[in-house]
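Reading through the C-alpha cells given below for one structure.
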Amino acid sequence: MPPVAGKGISLVPVAVRALALRIITAMRARLLSLLHKVKPLTSSFSSSAGKMDGLQRLRTRVCIIGSGPAAHTAAIYSARAELRPIVFEGWMANGIAAGGQLTTTTDVENFPGFPQGILGYELMDRCREQSLRFGTRIITETVTRVDFSARPLCVYSDTTVVEADSVIVATGAVAKRLHFPGAEEFWNRGISACAVCDGAAPLFRNKPLAVIGGGDSAMEESNFLTKYGSKVYVIHRRDAFRASKIMQNRTLGNPKVEVVWNSVVAEAYSDADGRVLGGLKVKNVVTGETTDLKVSGLFFAIGHEPATAFLEKQLELDEDGYIVTKPGTTKTSVPGVFAAGDVQDKKYRQAITAAGTGYFEISN
C-alpha cells in the first residue's frame with residue numbers, strides 16, 4: 001500500500017511512478033516479443049516450417065499460460081530441468097498487464113526476502129527476468145483458445161500455436177471490484193480487494209475501516225481487519241448474510257464489527273489533505289437515505305473471477321469456474337494438463353502459495 005500520510009512522502013508521485021513503470025514494463029515485454037518474431041529460433045525450441053494456417057508453430061515439452069508467481073515459478077523450475085518452456089504471458093489479459101494482480105498493487109510487504117517491501121510490478125519484473133535467465137521463451141500474447149482433445153496439446157494466440165507435451169494453466173483469478181465515484185481514484189490509496197495483503201499497512205492501523213460483502217470472504221476479512229482497525233463496518237446490500245452460520249456468528253459476535261444493512265456505497269471521498277480515502281457516502285436501498293461514514297479503508301470482499309473462459313470447458317471446473325485438481329496434486333481432468341496458482345485456489349489466493357503450486361507442477 002502507499003506510504004502513510006504525514007511521513008513526508010507524497011502519495012501521488014508514488015502512484016504515478018508505479019503506473020508509469022508498469023506501462024514501461026509492459027511495453028518492454030511487448031518489444032521483446034516482437035524481437036523474438038524476427039529472430040531465428042534457437043535450438044532450444046523447434047518450429048515447423050509450414051504455416052498453412054498463417055500461424056507460427058512452435059513445439060516444446062512444456063507450455064505455461066500465465067504471468068504471475070505460479071507461472072514464473074513453473075517456468076524457472078522447468079527451464080532449470082532443461083524442459084525448454086514457452087510462456088504465454090498475455091497482453092493486457094483480463095485488463096491487467098503481464099505480471100498479474102501484483103502489478104495493480106504498490107508495496108508488497110509479506111513476500112519473503114524483501115524486509116523493506118517491494119513494489120508489486122517490480123517483484124514480477126524480477127520473476128520474469130529470472131525465467132528468461134534460465135532459457136524460458138516468453139510470448140507477450142494472450143491465449144485465445146486451447147485444444148486438449150489430442151496429443152500434442154495445442155495452445156493458440158492470434159499469431160502463434162504452441163504444441164506441447166504438457167500444459168500448465170496459471171492464469172489466476174481477478175478480484176471483483178465495484179464501480180462508483182471515487183472507486184478508481186482511491187484504489188491503492190485506501191481502497192483494496194485484499195484485506196490479508198493490505199490490512200496491516202500503517203495506513204489502516206487504528207483507523208475505522210469498511211468491508212463490502214455478505215459471504216464467507218467478507219466475514220473472514222472483516223474479522224481479520226479488527227486486528228488492525230479501530231472499528232470495522234460491514235456494508236451489505238441485503239438484510240441478511242449469505243455466509244455460513246459459523247462465520248456469521250464470529251462476525252456478529254465481534255465487538256469491533258458493526259453491520260450496515262440494506263446499504264450500498266454511493267461515493268468515496270478524500271481526507272482533509274485530498275490524498276487518501278477519508279470516507280464514504282452510503283445509501284440505504286430501502287429508505288433511499290444517504291449517510292456519511294468516516295473510514296480510512298474500504299475492502300471489496302465480493303468474490304473473484306477465475307480466468308478460465310478461454311478453456312471452453314475442456315477442463316473440469318467447479319461451480320464458480322475454478323479448475324478442479326485432484327486432491328494433493330495439480331493434475332486436472334486432462335492428462336498432461338496442470339493448474340497452478342489462484343486459477344485453482346479459492347482459499348489462500350496469496351503470491352507465496354501460488355509460487356508453491358508452480359513448483360508442485362514440475363514435481364508432478
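Bear in mind that the values here come from a model prediction, so they are computed numbers and not experimental data.
- Residues L317 and I323 form a side-chain contact, since some pair of their non-hydrogen atoms from C-beta on lies under 4.5 Å apart.
- Note that OG1 of T330 and CG of D345 are 12.5 Å apart. Values are rounded to the nearest 0.5 Å.
- Remark: Q130 pairs with I76, F134 by the side chain to side chain contact (heavy atoms under 4.5 Å, CB included) rule, at least two apart or across chains.
- Shown here are the side-chain hydrogen bond (donor to acceptor under 3.5 Å, both in side chains) partners of R126, two or more places apart in sequence or in another chain: E122.
- Evaluation of the salt bridge (charged side-chain N to carboxylate O under 4.0 Å, His left out) test over residues 286-308, restricted to residues two or more places apart or in two chains, returns K281-D292, D292-K294.
- Under the 4.5 Å side-chain heavy-atom criterion for ILVMFWY residues, no single connected hydrophobic cluster contains both V285 and V282.
- Residues passing the salt bridge (Lys or Arg N to Asp or Glu O under 4.0 Å) test with E267, sequence neighbours excluded: none.
- Aromatic pair Y77/Y359: ring centres closer than 6.0 Å.
- Surrounding OH of Y348 are at most 12 heavy atoms belonging to other residues, nucleotides or ligands under 6.0 Å away.
- In this view, K176 satisfies the salt bridge (Lys or Arg N to Asp or Glu O under 4.0 Å) rule with no residue, not counting sequence neighbours.
- No side-chain donor-acceptor contact under 3.5 Å links N284 and N262.
- Taking the side chain as every heavy atom from C-beta outward, F111 and L123 approach each other to under 4.5 Å.
- Residue pairs satisfying the side chain to side chain donor-acceptor pair (under 3.5 Å) criterion with at least one member in residues 310-323, sequence neighbours excluded, are listed as follows: D318-K346, D320-K346.
- When the ring-ring contact (aromatic ring centres under 6.0 Å, His included) test is applied to F186, no partner is found at least two apart in sequence or on another chain.
- Between V343 and A170, the closest heavy-atom pair is CG1-CA, 4.4 Å.
- With rounding to the nearest 0.5 angstrom, the CG atom of D342 is 14.0 Å from the NZ atom of K347.
- Interatomic distance, D271 CG to K207 NZ, rounded to the nearest 0.5 Å: 8.5 Å.
- In this structure a side-chain-to-backbone donor-acceptor pair under 3.5 Å is present from T142 to W91.
- Counting only residues at least two apart or in different chains, side chain to side chain donor-acceptor pair (under 3.5 Å) contacts with residues 238-250 comprise D216-S244.
- In this structure, CG on L311 lies 6.0 Å from OG1 on T308, to the nearest 0.5 angstrom.
- No single ILVMFWY cluster, assembled from side-chain heavy atoms under 4.5 Å apart, contains both V196 and L225.
- The main-chain N or O of R84 is found under 3.5 Å from a side-chain atom of T60 such that the two form a donor-acceptor pair.
- A cation-pi arrangement is not found for K227 relative to F224, the charged atom failing to lie both closer than 6.0 Å to the ring centre and inside a 45° cone about the ring normal.
- Under a cutoff of 6.0 Å and an axis angle of 45°, R145 and Y156 form a cation-pi pair.
- Between the side chain of T136 and the backbone N or O of L132, no donor-acceptor pair lies under 3.5 Å.
- Of the N and O atoms on the side chains of E141 and T159, at least one donor lies less than 3.5 Å from an acceptor on the other residue.
- Distance alone, capped at 3.5 Å, places no donor-acceptor pair between the R61 side chain and the P85 backbone.
- Every residue meeting the side-chain hydrogen bond (donor to acceptor under 3.5 Å, both in side chains) condition with D165, not counting sequence neighbours, appears here in chain and number order: R59.
- Distance check, rounded to the nearest 0.5 Å: CE of M124 to OG of S67 gives 6.5 Å.
- Every pair tested for disulfide (SG to SG under 2.5 Å) that includes a residue from residues 63-169 fails, sequence neighbours excluded, so the list is empty.
- Remark: L280 CG to L293 CG distance equals 5.5 Å, nearest 0.5 Å.
- The side-chain hydrogen bond (donor to acceptor under 3.5 Å, both in side chains) check on R177 picks up E184, with sequence neighbours excluded.
- Partners of S217 under the side-chain hydrogen bond (donor to acceptor under 3.5 Å, both in side chains) rule, at least two apart in sequence or in another chain, do not exist in this structure.
- Classified by interplanar angle (parallel below 30°, tilted 30° to 60°, perpendicular above 60°), the ring pair H236/W261 is perpendicular.
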Criterion side chain to side chain donor-acceptor pair (under 3.5 Å) on S230 and N206, from CA distance to verdict: CA-CA 5 Å; S230 60; N206 301 311; over 6 Å; no

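- Side chain of E82 to backbone of A79: no donor-acceptor contact under 3.5 angstrom is found.
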